[in-house]
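Below is one structure, written out as structure tokens, with a few remarks after it.
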Amino acid sequence: MRIAWVPVNLDQFDPLNSRDDLIKLLVETGISFSRPREGDLSAEDGDGSVEVTIKNSDVVTAAARAACALAASWIDDNDVQAWKVATGRFTR
């Protein structure tokens, strides 16, 4: 299972800047991390991974960037369209 359907206000959900939201993302998706080489961090889900460079020794921010990029890769055009319809943001 890639995406867990947990109610969340997407207008306020900000895993890049909120540690609580980041933890929610990680717990609900099962994303884990590895260090493939010095200075890099990889977010993984068993099917894919995203690797980022750690900047200014900030491992947590690198983890957030990698996890968000990996989770974003699971979203396709149908998901975006369904979200727009569900939230009334549908435009032609």
Side-chain angles (χ1 to χ4, degrees):
M1 180 172 94
R2 290 186 127 184
I3 298 177
W5 297 104
V6 176
V8 65
N9 182 339
L10 292 177
D11 290 327
Q12 296 177 358
F13 186 67
D14 186 6
L16 283 174
N17 297 303
S18 166
R19 299 289 191 229
D20 288 344
D21 287 347
L22 176 60
I23 296 299
K24 288 176 191 174
L25 173 71
L26 299 176
V27 168
E28 296 301 331
T29 60
I31 292 173
S32 61
F33 301 94
S34 68
R35 300 286 293 269
R37 69 193 130 282
E38 183 65 31
D40 292 335
L41 185 133
S42 179
E44 304 159 347
D45 70 347
D47 293 327
S49 65
V50 171
E51 194 172 305
V52 299
T53 299
I54 300 167
K55 298 177 182 173
N56 300 320
S57 300
D58 191 346
V59 175
V60 174
T61 297
R65 286 190 350 257
C68 290
L70 181 59
S73 74
W74 304 333
I75 299 170
D76 64 21
D77 290 340
N78 292 331
D79 295 326
V80 173
Q81 191 66 20
W83 176 79
K84 285 180 178 180
V85 170
T87 61
R89 297 175 188 199
F90 180 75
T91 58
R92 293 183 185 243

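Along the sequence shown, residues are numbered consecutively beginning with 1.
- Taking CZ from Arg19 and CG from Asp14, the interatomic distance works out to 11.0 Å, rounded to the nearest 0.5 Å.
- Taking the side chain as every heavy atom from C-beta outward, Leu41 and Val59 approach each other to under 4.5 Å.
- Across Leu22 and Ala67, no two heavy atoms sit closer than the pair CD1-CB, 4.4 Å.
- For the pair Asn56 (side chain) and Asp58 (backbone), a donor-acceptor distance under 3.5 Å is absent.
- In this structure, CG in Leu25 is found 4.5 Å from CD1 in Ile31, a value given to the nearest 0.5 Å.
- What you find for Asp40 and Arg35 is that their closest heavy atoms are O-NE, 3.2 Å.
- Contact check for Gln12 versus Asp21: no side-chain heavy atoms found under the 4.5 Å cut-off.
- Under the 4.5 Å side-chain heavy-atom criterion for ILVMFWY residues, a single connected hydrophobic cluster contains both Trp74 and Val50.
- In this structure, Arg65 contributes its side chain and Ile54 its backbone to no donor-acceptor pair below 3.5 Å.
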